[in-house]
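Throughout, residue positions are numbered sequentially from 1 according to the sequence presented. Please read all numbers here as calculations on a predicted model, not as lab measurements.
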Amino acid sequence: RGDAKLRQLSAESTLRIPPWLSRRISPIEFQTELTAYHRLQDTPQFGPLTTDGVTLTLARTWERKRIGNRPARAITTGVHYDFRLRERSIDVLRPEGADDDQTQVPISTRTGSVGASFEWEQRVDRQGTLSPLAPEAGFHFEGSASIASHVLGGQDTFVKVSAAGTKYWPIGANFVLRGDLRYDEGIPLGGAVLLPEVERFFAGGDATVRGYDDERLATEIIQVGVPPFGGPGLRQIRILPAGGNIRVMSSLDAQIRIYKILASAVFFDAGMIANQWRAVATDDIRPSVGIALFRLVTPFGSFAFERAIPLRPRLGDDPRGRWHISFAARAQF
């Protein structure tokens, strides 16, 4: 019997300034959001990871209501500043002394960045009304670019770009085909080859490539001697998540409505983690296939219970696959 374990605990506070107040300082109305947050996560790669951050966002949204056969849509553009302080512990070897029993020391990574984003929201129901949580037609696209620098309060300099798109095709009265594609890339600057560890891209798990354990789409194998022997005859193998500068993920999902809000689906996922495009090989692409035993789909939220099987398992992956449970909800006040 496995013990229940808390994987994430977070607290967040957001201050929103309505667009009409921006008229006093700008000819263009925009919404201002100031968000502060604290998160404690138990991650496969870093163990307990604490994140404290502040985000300032200036954004404007252009909305179009559904009129006749013309579907609704919302287009949002904005700029933002992010400051994040991440703290974690790493293993160390100490010489004999007063603190030789301390096997870990805490380290922190500070990141300050500015960027711009664009979002086109047109996920709609069959009547053309916006329905991001239970769409049956339309599409969604978002893209962003940011730069982190010492002058913005961080420790490292790098650029990040991201783009993601989703398209829905309604077929008949109860069948919906969905395609997803996401691309993320970080470009280290200042002579660095890799992004900082906590800024690298990972995949695997419920919201990325199903069938693989959390953050284990790409892994690295570490072999060390077992004390007190430490020789080549007795070795300990550790399989750790390996992040990268580049992440590409895709999914194809075929959903059929069984009765009202009850649905089922089959899906195919694939993803890849790499550090350089020229080093990408066919074996780096990790596909999986799965089935949603049931989904509860409503305009206010959705719940899914799914089983996925990796098609290219490696050492440390369960070739029988794994269960995935996901829940999304939207509250309006």
Side-chain angles (χ1 to χ4, degrees), residues 14 16-23 26-35 55-82 114-146 160-184 207-208 248-257 260-261 263 265 267 295-304 326-333:
T14 300
R16 292 186 176 92
I17 301 176
W20 58 268
L21 287 177
S22 63
R23 297 175 189 170
S26 171
I28 301 175
E29 288 188 359
F30 57 85
Q31 179 172 294
T32 304
E33 287 191 3
L34 180 62
T35 301
T55 298
L56 175 64
T57 303
L58 307 179
R60 173 155 185 177
T61 299
W62 292 267
E63 295 185 351
R64 185 182 74 181
K65 302 297 184 181
R66 178 180 67 89
I67 301 177
N69 294 327
R70 189 182 71 176
R73 76 179 185 198
I75 298 176
T76 303
T77 61
V79 295
H80 58 268
Y81 169 77
D82 293 301
V114 294
S117 61
F118 172 84
E119 180 184 21
W120 188 310
E121 176 63 85
Q122 197 168 313
R123 290 174 290 186
V124 298
D125 58 21
R126 291 178 182 264
Q127 288 71 45
T129 302
L130 284 179
S131 182
L133 291 181
E136 295 185 288
F139 65 91
H140 174 260
F141 173 81
E142 61 181 349
S144 65
S146 63
K160 276 189 173 182
V161 293
S162 299
T166 303
K167 173 66 177 174
Y168 296 83
W169 294 272
I171 302 174
N174 298 308
F175 190 80
V176 177
L177 184 65
R178 186 192 79 214
D180 297 300
L181 181 63
R182 181 175 185 88
Y183 154 75
D184 302 284
T208 56
V248 179
M249 301 181 297
S250 63
S251 179
L252 190 63
D253 183 286
Q255 175 178 288
I256 184 169
R257 188 185 341 170
K260 293 185 178 180
I261 63 172
F267 56 84
R295 289 177 179 171
L296 300 178
V297 183
T298 75
F300 311 103
S302 61
F303 175 84
S326 62
F327 175 72
R330 177 177 60 184
Q332 294 182 344
F333 300 93

For side-chain contact (heavy atoms from CB on, under 4.5 Å), just list the numbers for L130 and V124, CA-CA rounded to whole Å, side-chain angles, deciding distance to a tenth of an Å, and then say yes or no. CA-CA 4 Å; L130 284 179; V124 298; 4.1 Å; yes
Carboxylate-amine/guanidinium proximity below 4.0 Å for D253 and R295: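 R295 and D253: salt-bridged.
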Less than 4.0 angstrom from a charged side-chain N to a carboxylate O is my criterion; do R178 and D180 meet it? yes
Could you please spell out the steps behind the side-chain contact (heavy atoms from CB on, under 4.5 Å) verdict for T298 and L133? CA-CA 8 Å; T298 75; L133 291 181; over 6 Å; no
Would the distance check show the side chain of Q255 and the main-chain N or O of R257 forming a donor-acceptor pair, the cut-off being under 3.5 Å?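 Checked: no pair found.
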Write down the atom of [X], the atom of [Y], and the distance for their closest heavy-atom approach.
X	Y	answer
A59	T76	CB-CG2, 4.2 Å
W169	G179	CZ3-N, 3.8 Å
R126	G172	NH1-O, 2.8 Å
A254	F175	CB-CZ, 3.6 Å
H80	S146	NE2-CB, 4.4 Å
P170	Y168	CD-O, 3.8 Å

Working note: E119 + H140, criterion side-chain contact (heavy atoms from CB on, under 4.5 Å); need CA distance, chi angles, decisive distance, verdict. CA-CA 8 Å; E119 180 184 21; H140 174 260; 2.8 Å; yes
Approximate separation, where rounding is to 0.5 Å, of [X] [atom1] and [Y] [atom2]:
X	Y	atom1	atom2	value
R182	T166	CZ	OG1	9.5 Å
F139	E121	CZ	CD	9.5 Å
I256	L177	CD1	CG	12.5 Å
S131	Q122	OG	CD	13.0 Å
Y183	S162	OH	OG	8.0 Å
F267	L252	CZ	CG	11.5 Å

Between R66, Q127, R64, which is the residue that forms a side-chain contact (heavy atoms from CB on, under 4.5 Å) with P71?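 Checked R66, Q127, R64 against P71; only one passes side-chain contact (heavy atoms from CB on, under 4.5 Å): R64.
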Any side-chain heavy atom of V297 within less than 4.5 Å of one from I261?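 The answer is no, as the side chains (C-beta and beyond) never meet within the 4.5 Å cut-off.
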